[in-house]
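Inspection log for the structure reproduced underneath, given as structure tokens.
Fair warning: this is a prediction, and the values are worked out from it, not measured in the lab. The chains referred to below are lettered A, B, ... by the order of the sequence lines, with proteins before strands, and numbering in each begins at 1.
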4 protein chains.
Amino acid sequence: MTDAAETAPTRRRTSIGGRRNPESAAAILDAAAAILAENGLGGFSIEAVARRAGAGKPTIYRWWPNKAALLIDVYARQKETVLQADTGSLQGDLEDVLSRLFDFWRHTPAGAAFRSIIAEAQSDPEALERLRAFLIERRAYVREIVERGIARGDLPADADGAAIVEMLFGFAWMRLLTGDLGAAEDIPRRVHLILKGAA
Amino acid sequence: MTDAAETAPTRRRTSIGGRRNPESAAAILDAAAAILAENGLGGFSIEAVARRAGAGKPTIYRWWPNKAALLIDVYARQKETVLQADTGSLQGDLEDVLSRLFDFWRHTPAGAAFRSIIAEAQSDPEALERLRAFLIERRAYVREIVERGIARGDLPADADGAAIVEMLFGFAWMRLLTGDLGAAEDIPRRVHLILKGAA
Amino acid sequence: MTDAAETAPTRRRTSIGGRRNPESAAAILDAAAAILAENGLGGFSIEAVARRAGAGKPTIYRWWPNKAALLIDVYARQKETVLQADTGSLQGDLEDVLSRLFDFWRHTPAGAAFRSIIAEAQSDPEALERLRAFLIERRAYVREIVERGIARGDLPADADGAAIVEMLFGFAWMRLLTGDLGAAEDIPRRVHLILKGAA
Amino acid sequence: MTDAAETAPTRRRTSIGGRRNPESAAAILDAAAAILAENGLGGFSIEAVARRAGAGKPTIYRWWPNKAALLIDVYARQKETVLQADTGSLQGDLEDVLSRLFDFWRHTPAGAAFRSIIAEAQSDPEALERLRAFLIERRAYVREIVERGIARGDLPADADGAAIVEMLFGFAWMRLLTGDLGAAEDIPRRVHLILKGAA
DNA sequence: GCGTAAACGAGACGGTACGTCGCGTCTTAGG
DNA sequence: CCTAAGACGCGACGTACCGTCTCGTTTACGC
């Protein structure tokens, strides 16, 4: 069971001329996701990814400056899933967002990837900056949902949207980082707690 | 506090018989804390700690099975500060706890240590278990404050104490992990959000 | 099968007052010999000897300044076997000495011990000095046999006894050091070669 | 010869592509020889060699599986000196071979290297095997000289060449291992003893 | 006959070296 | 100019022994 052979079994991948080979990029991201899913951050190294992808280390370093960047790409590659949600009520929308997020983290390599990104950010300032930027973007998305709820009248006009979003993300992170994604059933209560507080 | 050992290592530390030498343990924890404070988790390695402490690596491994255990001890060593709080109201008590916690994380090596512990736990299952155990204990402490508030009548008897505590810790972790401990001024609003939601 | 229990099964060994405990010395030498016989020089360490002997390391260091000294004692402890030989002819006497020596090296821990002593002497000048001293003594013994042969008329009076002895020992060492003690059957031819040369 | 690398390490050595860098190999062997010459086997460690060679330990382990292999290469690297010898008589040829060998061992790091190889072989079975193989080859070379002497009529046709060679090597080893290479003046007598015995 | 001295086991101490792994950089040979 | 390959210097990993130290205990000897 040579891992490298999984995605590109028959032929050896090589240069396609003076530009990036998308097959290589894909193989690298696939390999990275697979390693994360199987062995977690512990077994994740550039060497291991290169080995499994059948790629040269310099090829990885050419396109991703460091481990964090690669992890972020692994994460970003699968995030389409989480997007939309409109259930008619803010409570429902937020429940939906969090449920999807928990599922996404639990059932794809994304969870392991995101845990790794956070971990990496604790020792690498640049990775922290990337994480913060990413977080701002993600929060903005949920913020919109909250604002929509305010517009809809689910919350008073002066409700603190930023606080709501921050508390919910804090809750989600805590669950992710402590390996507690399983207990998704108290998402509704938590959302309710926050929304009632903001009312 | 590590200065004494650094500038005036008057005599060589050695065994004091067939049992643990507390001086060595102290020197190691001091060195670990100092490295964490100065270089962050990136520069933190058992080798570096041993070097700075003037200790042998095996001495460290004898007493701390891995990096995570050492980090937890570094953290635990300074936590007395956070304890007390009784301001008369639950809002005040929780504000006080969080403010002290933020200060503690910001102004001692404990913040860097705790960030490192969380990061480490993302790749080391055993470290994760230690972290969860630690977290349970810490939450229980804040939980007591909440229960006291309930007894006092600040919250209805059926208020969900666990949820309150979890949301507050989630908030604190988020701030710690994203390097946002500075903005402690919105602690009161966050506490208020939660308490109002629980009322 | 706790090794320490072999020689002193029931009771724990301890001090017998302000002087050397012969039981300890014996246990240490036994353990050293056993380790050498079973694992060779590779597995031989002061720690291992102490462990197996149920002795403290300082007890070993108190009586043997270094590994070489201990090895020499292990060797010396068993050498009585090799001694006497008087077959009536010099050829016979020397054959007898060499055969006994080969057997001694092959069938007791002494062979491993002596190989270890020689090895040790290549990195430790003091051990080399001890080895040379030991060698002088052993050669003198064989030298006597040769002189007896000269007196008996087996060799001319001007025969170079030192050379004879040195060549025979060189032969024996070579066999020992290359693990070739098995082929003892050509001892007679080698002795004959030398004696004929000296005639 | 190692000076160039030590005092003028003008530029950093690095990879030259996916194949062995001969400069690194040379630097490592130089460093090993120098350490052996200066500090003997006692100061010889892979770490020390790497340090002195300005090489990484893995680079050494990549090409030499263990200490013994490296020592053998150090030895082999300098052995061209010993080869030739044709003085017209077997006595002269053998004297020449032994004298050259003694000089070689005394005046180059080869002596220390070979002592170390023998020592290493006493604890490492694989090293012993390498040593035996090497020995067979070296003996074959001297054996040829002896056969040439037999062909020339210096010895009877039924002379035991193997015995002659073994006794001479045994003598040389003994001198090497006991630090007695100085007294080279009795080489002729020893050779004569053997040849007369074989006549 | 009792205190002292020395040896005992145990095991911690500061170290050095082990052999392995991953880092990020470099150079090749070949599309 | 990109690709797979893989060597390079570096440095941390966790382990094994080194030789030294101090402990608390156990005798025997000498005052």
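Residues satisfying the side chain to side chain contact (heavy atoms under 4.5 Å, CB included) criterion with C/Ala121, sequence neighbours excluded, are C/Ala127, C/Leu128, C/Leu131. Residues passing the side chain to side chain contact (heavy atoms under 4.5 Å, CB included) test with D/Glu129 are D/Arg132, sequence neighbours excluded. In this structure, D/Phe44 has no ring-ring contact (aromatic ring centres under 6.0 Å, His included) partners at least two apart in sequence or on a different chain. By the side-chain hydrogen bond (donor to acceptor under 3.5 Å, both in side chains) test, B/Gln122 pairs with A/Arg115, sequence neighbours left out. For A/Phe134, the ring-ring contact (aromatic ring centres under 6.0 Å, His included) test picks out A/Tyr75, A/Phe114, with sequence neighbours left out. Listed by chain and number, the residues in a side chain to side chain contact (heavy atoms under 4.5 Å, CB included) with D/Arg51 are D/Glu47, D/Ala48 (sequence neighbours excluded).
Atom-to-atom, CD1 of D/Ile60 to C1' of F/dG11 comes out at 14 Å; the value is rounded to the nearest Å. Between B/Arg20 atom CZ and E/dC13 atom P the separation is 8 Å, expressed in whole Å. Look at CG on D/Asn39: it is 15 Å from C1' on E/dT16, rounded to the nearest Å. Rounded to an integer number of Å, the gap from CG of B/Leu70 to C1' of F/dA12 is 15 Å.
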Might you list the N or O atoms of the protein lying below 3.5 Å from N or O atoms in nucleotides 25-31 of chain F, with each pair's distance?
| residue | atom | partner | partner atom | Å |
| --- | --- | --- | --- | --- |
| F/dT26 | O2 | C/Ser15 | OG | 3.3 |

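Phosphate contact (OP1/OP2 of E/dG9, side-chain N/O of C/Thr59, threshold under 4.0 Å): present. Proximity of D/Trp63 to the phosphate of F/dC8: a side-chain N or O atom is located under 4.0 Å from OP1 or OP2. A close approach under 4.0 Å does occur between a side-chain nitrogen or oxygen of C/Ser24 and OP1 or OP2 of E/dG9.
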Annotated protein contacts, base or backbone, on nucleotides 18-24 of chain E with a non-hydrogen cut-off under 4.0 Å, one of B, S, - each
BBBBBBB

Listing, residues 19-28 of chain D side-chain donor-acceptor contacts under 3.5 Å, not counting sequence neighbours, or none:
| residue | atom | partner | partner atom | Å |
| --- | --- | --- | --- | --- |
| D/Arg19 | NH1 | D/Ile16 | O | 2.7 |
| D/Asn21 | OD1 | D/Glu23 | N | 2.9 |
| D/Asn21 | ND2 | D/Thr14 | O | 2.7 |
| D/Ser24 | OG | D/Arg13 | NE | 3.1 |

When the side chains of residues 66-73 of chain B are checked against the rest of the protein, which donor-acceptor pairs come out under 3.5 Å, sequence neighbours left out?
| residue | atom | partner | partner atom | Å |
| --- | --- | --- | --- | --- |
| B/Asn66 | OD1 | B/Ala68 | N | 3.3 |
| B/Asn66 | OD1 | B/Ala69 | N | 3.0 |
| B/Asp73 | OD2 | B/Trp64 | NE1 | 2.8 |

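Rounded to 10 degrees, the angle between the two end axes of the helix from E/dG1-F/dC31 to E/dG31-F/dC1 is 20°, with five pairs used at each end.
Of the two residues contacting DNA chain F, namely A/Ala55 and D/Ile28, the nearest-nucleotide position lying further toward the 5' end is that of A/Ala55.
Listed by residue number, there are no residues of residues 118-125 of chain C with a heavy-atom contact under 4.0 Å to DNA chain E.
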